[in-house]
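Worth saying up front: this structure is predicted, and the values here are computed from it rather than measured.
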Amino acid sequence: RKVTISVIKADIGSIAGHHKVHPDTMAAAARVLAEAKRKGVIIDFYVTHVGDDLQLIMTHRKGVDSPEIHELAWNAFKKAAEVAKELGLYAAGQDLLSDAFSGNIRGLGPGVAEMEIVERPSEPIVIFMADKTEPGAFNLPLFRAFADPFTTAGLVIDPRMHDGFRFQILDLYEGRMIELNAPEEMYDILALIGDPTRYVIKRIFRKTDGEIAAVVSSERLNLIAGRYVGKDDPVAIARVQHGFPALGEILEPFAFPHLVPGWMRGSHWGPLMPVGLRDARCTRFDGPPRVIALGFQVTKGRLIGPVDLFEDVAFDETRRLAQQIAEYMRRHGPFMPHRLHAEEMEYTTLPDVLKKLEGRWKKVEGPEAREIGKRERKESAEVQE
Ligand code: 13P
Ligand code: 13P
Ligand code: MG
Ligand code: MG
Ligand code: MG
């Protein structure tokens with residue numbers, strides 16, 4: 001019998017800036033889900049947050065992209081946003097880009113990761129939830145967990161994993177998708193996902209039998225809204241053990257606090273810091289970007305757990321290194337590569353600032369023009385003749 005795990009998240013407002021979800025908004029969302037559980041619409045649920053992002057973790061029998069489940073999530077966010085507005089929370093309703101629900105929550109602002117599975121006799125899963133970053137943040141850790149034998153011993157040792165995994169990758173700029181196999185096409189996979197602002201791992205399947213192993217939310221709020229409305233703080237679901245990476249193999253890549261796009265105003269590279277729920281909030285320069293990992297057993301659709309996996313001394317050194325990297329990056333101030341590249345900045349408020357300078361550019365003439373005029377650049381169109 002199949003069960004669907006749906007993780008749907010949205011920033012519906014937060015307390016004292018983009019810091020943290022207010023408990024009353026979580027309670028409002030939980031009441032909506034509790035009612036749905038009582039009515040049998042969902043089997044089980046867990047409400048949590050990372051930073052200013054409200055997370056709805058649900059299990060049910062209705063499959064992925066179920067209008068009923070998406071509407072339920074939408075209603076839970078609406079109720080939570082009402083509380084946020086009443087409390088005057090910051091950016092209340094931030095990620096709810098539409099006023100009306102229209103059958104599917106995708107494209108309306110909230111992030112969605114869902115998988116339908118046949119439960120194994122024991123079905124351990126891990127849900128990763130990050131704030132102040134975007135879906136491509138999971139490219140590096142997921143590649144390492146599912147394709148790097150130096151991370152995942154099971155790729156070498158376990159016959160069920162030895163054939164490797166298939167990666168479904170989205171091109172967020174062109175709206176297209178490709179499937180590539182590891183290990184055979186590993187270098188092609190890396191050629192794409194090494195640019196996490198454009199290419200995003202969406203799903204991972206086990207090659208021996210096509211079983212789904214992981215799924216990532218892929219909302220790009222800026223690209224949907226056409227303007228900066230906060231970062232697309234992502235979530236991912238991964239199945240672990242027994243033919244999938246062991247728990248410790250899926251967590252292992254997060255021991256390296258790699259640089260991800262996001263952080264302050266969604267405009268800076270910073271280290272992804274793994275934290276427990278207690279530290280699932282954003283402070284320094286609105287960060288640094290954080291990720292939590294909650295482990296559950298899915299048992300006849302029930303969510304047994306969670307366990308707070310990064311709330312552990314084993315990640316203390318990672319957090320310390322993340323702090324050092326944060327300090328190093330921060331000292332660059334507004335300079336790249338701390339600041340994101342121009343293409344990503346297009347969706348921030350920076351273009352408005354640059355617009356003011358438009359009339360002030362002058363053409364370089366004389367001998368100096370020969371020094372600089374050699375390269376055709378997009379910006380040259382803005383030079384006043
Ligand atoms: P146990 O023998 O403790 O079940 O561990 C198996 C395993 O996969 C460890 O990575
Ligand atoms: P969020 O996407 O988490 O709301 O962050 C917005 C922001 O601008 C932080 O500086
Ligand atoms: Mg916010
Ligand atoms: Mg956020
Ligand atoms: Mg956001």
Side-chain angles (χ1 to χ4, degrees), residues 7 50 113 115 120 122-131 133 135-167 169 182-183 186 189-190 193-194 196 200-201 203-207 211-216 234-260 270-277 279-280 288-297 305-326:
V7 183
V50 55
M115 58 163 71
R120 295 168 289 166
S122 176
E123 184 66 56
I125 62 164
V126 178
I127 300 174
F128 295 97
M129 293 160 270
D131 188 27
T133 184
F138 289 125
N139 283 3
L140 185 150
L142 288 180
F143 175 86
R144 287 195 52 200
F146 288 93
D148 171 18
F150 281 72
T151 302
T152 295
L155 293 167
V156 178
I157 292 170
D158 185 340
R160 287 162 304 193
M161 292 173 69
H162 196 80
D163 282 354
F165 290 86
R166 190 171 84 241
F167 287 73
I169 297 163
M186 185 182 260
I189 293 171
L190 288 169
I193 66 169
V200 168
I201 296 173
R203 292 184 182 84
I204 301 172
F205 302 94
R206 185 165 60 194
K207 280 191 6 227
E211 275 291 302
I212 188 157
V215 60
V216 180
V235 293
I237 311 171
R239 303 168 78 185
V240 295
Q241 301 288 160
H242 205 78
F244 295 111
L247 174 67
E249 288 168 341
I250 203 92
L251 299 180
E252 177 65 12
F254 292 91
F256 169 59
H258 67 296
L259 292 171
V260 297
L272 186 64
M273 188 161 78
V275 292
L277 287 170
D279 298 308
R290 302 193 194 202
V291 60
I292 59 170
L294 296 188
F296 292 94
Q297 294 288 150
V307 279
D308 186 2
L309 295 163
F310 290 142
E311 175 61 272
D312 181 45
V313 291
F315 289 92
D316 280 353
E317 284 303 304
T318 305
R319 289 188 272 266
R320 219 168 63 88
L321 180 57
Q323 310 270 36
Q324 286 169 0
I325 295 167

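Contacts of Glu211 classified as salt bridge (charged side-chain N to carboxylate O under 4.0 Å, His left out), with partners at least two apart in sequence or in another chain: Arg239. For Asp148, the salt bridge (charged side-chain N to carboxylate O under 4.0 Å, His left out) criterion is met by Arg144, not counting sequence neighbours. For His162, there are no side-chain hydrogen bond (donor to acceptor under 3.5 Å, both in side chains) partners, not counting sequence neighbours.
Within the 4.5 Å cutoff, no side-chain heavy atoms of Ile125 are placed close to those of Met115. Using a 4.5 Å cut-off on side-chain heavy atoms (C-beta onward), Phe310 and Thr318 make no contact. Residues Pro257 and Arg319 form no side-chain contact, since every pair of their non-hydrogen atoms from C-beta on lies 4.5 Å or further apart. For the pair Pro234 and Phe138, the minimum side-chain heavy-atom distance is below 4.5 Å. Residues Ser122 and Gln297 meet the side-chain proximity criterion, which asks for heavy atoms closer than 4.5 Å. Residues Phe244 and Arg206 are in side-chain contact: their nearest non-hydrogen atoms beyond the backbone lie under 4.5 Å apart. The side-chain heavy atoms of Lys207 and Pro183, taken from C-beta on, include a pair separated by under 4.5 Å. Looking only at side-chain heavy atoms (C-beta outward), Phe146 and Thr152 stay at 4.5 Å or farther from each other.
The structure places CD1 of Ile325 at 11.0 Å from CE of Met273, a figure rounded to the nearest 0.5 Å. Once rounded to the nearest 0.5 Å, the distance linking CD1 of Ile250 with CD of Glu252 reads 11.5 Å. To the nearest 0.5 angstrom, Phe143 atom CZ is 8.0 Å from Ile201 atom CD1.
Nearest approach of Pro271 to Leu259, heavy atoms of both residues: N-CD2, 3.7 Å. Summarising the geometry of Leu155 relative to Ala147, their closest heavy-atom pair is CD1-C, 3.6 Å, with the distance given to 0.1 Å. Pro253 and Pro141 make their closest contact through CG-O, 3.3 Å (heavy atoms, listed as atom of the first residue, atom of the second, distance). Nearest heavy-atom pair across Ala113 and Ile237 is O-CD1, 3.4 Å. Looking at every heavy atom in both residues, Ile212 comes nearest to Phe205 through CA-CD2, 3.8 Å. Ala293 and Val126 get closest at one heavy-atom pair: CB-CG1, 4.0 Å.
In this structure, Phe254 has its ring center under 6.0 Å from that of Phe128.
Although no hydrogens or angles enter the test, the distance criterion places no donor-acceptor pair under 3.5 Å between the side chain of Arg166 and the main chain of Ala182. In this structure, the side chain of Asp131 does not engage the main chain of Arg290 through any donor-acceptor pair within 3.5 Å. Remark: side-chain polar atoms of His258 are paired, donor with acceptor, to backbone N or O of Ala137 under 3.5 angstrom. The backbone N or O of Gly276 sits nowhere less than 3.5 Å from a side-chain atom of Asp308 that would complete a donor-acceptor pair. The closest donor-acceptor contact from the side chain of Glu123 to the backbone of Arg120 lies under 3.5 Å.
For the residue pair Thr151 and Glu249, no side-chain donor N or O sits within less than 3.5 Å of a side-chain acceptor on the partner.
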Could you check Leu277 against Leu294 for side chain to side chain contact (heavy atoms under 4.5 Å, CB included), going step by step and ending with a plain yes or no? CA-CA 9 Å; Leu277 287 170; Leu294 296 188; 4.1 Å; yes

Should Leu142 and Val216 be marked as a side chain to side chain contact (heavy atoms under 4.5 Å, CB included) after you check the CA-CA gap, both sets of side-chain angles, and the distance that decides it? CA-CA 10 Å; Leu142 288 180; Val216 180; 3.4 Å; yes

Any chance you could lay out the side chain to side chain contact (heavy atoms under 4.5 Å, CB included) test for Leu247 and Leu309, step after step, and finish with the verdict? CA-CA 9 Å; Leu247 174 67; Leu309 295 163; 3.8 Å; yes

Audit row: Ile169, Val200, side chain to side chain contact (heavy atoms under 4.5 Å, CB included) steps and yes/no: CA-CA 5 Å; Ile169 297 163; Val200 168; over 6 Å; no

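Phe167 does not carry Arg203 over the face of its six-membered ring by the limits of under 6.0 Å from the centre and within 45° of the normal.
Around atom CZ of Arg320, no more than 12 heavy atoms belonging to other residues, nucleotides or ligands sit under 6.0 Å away.
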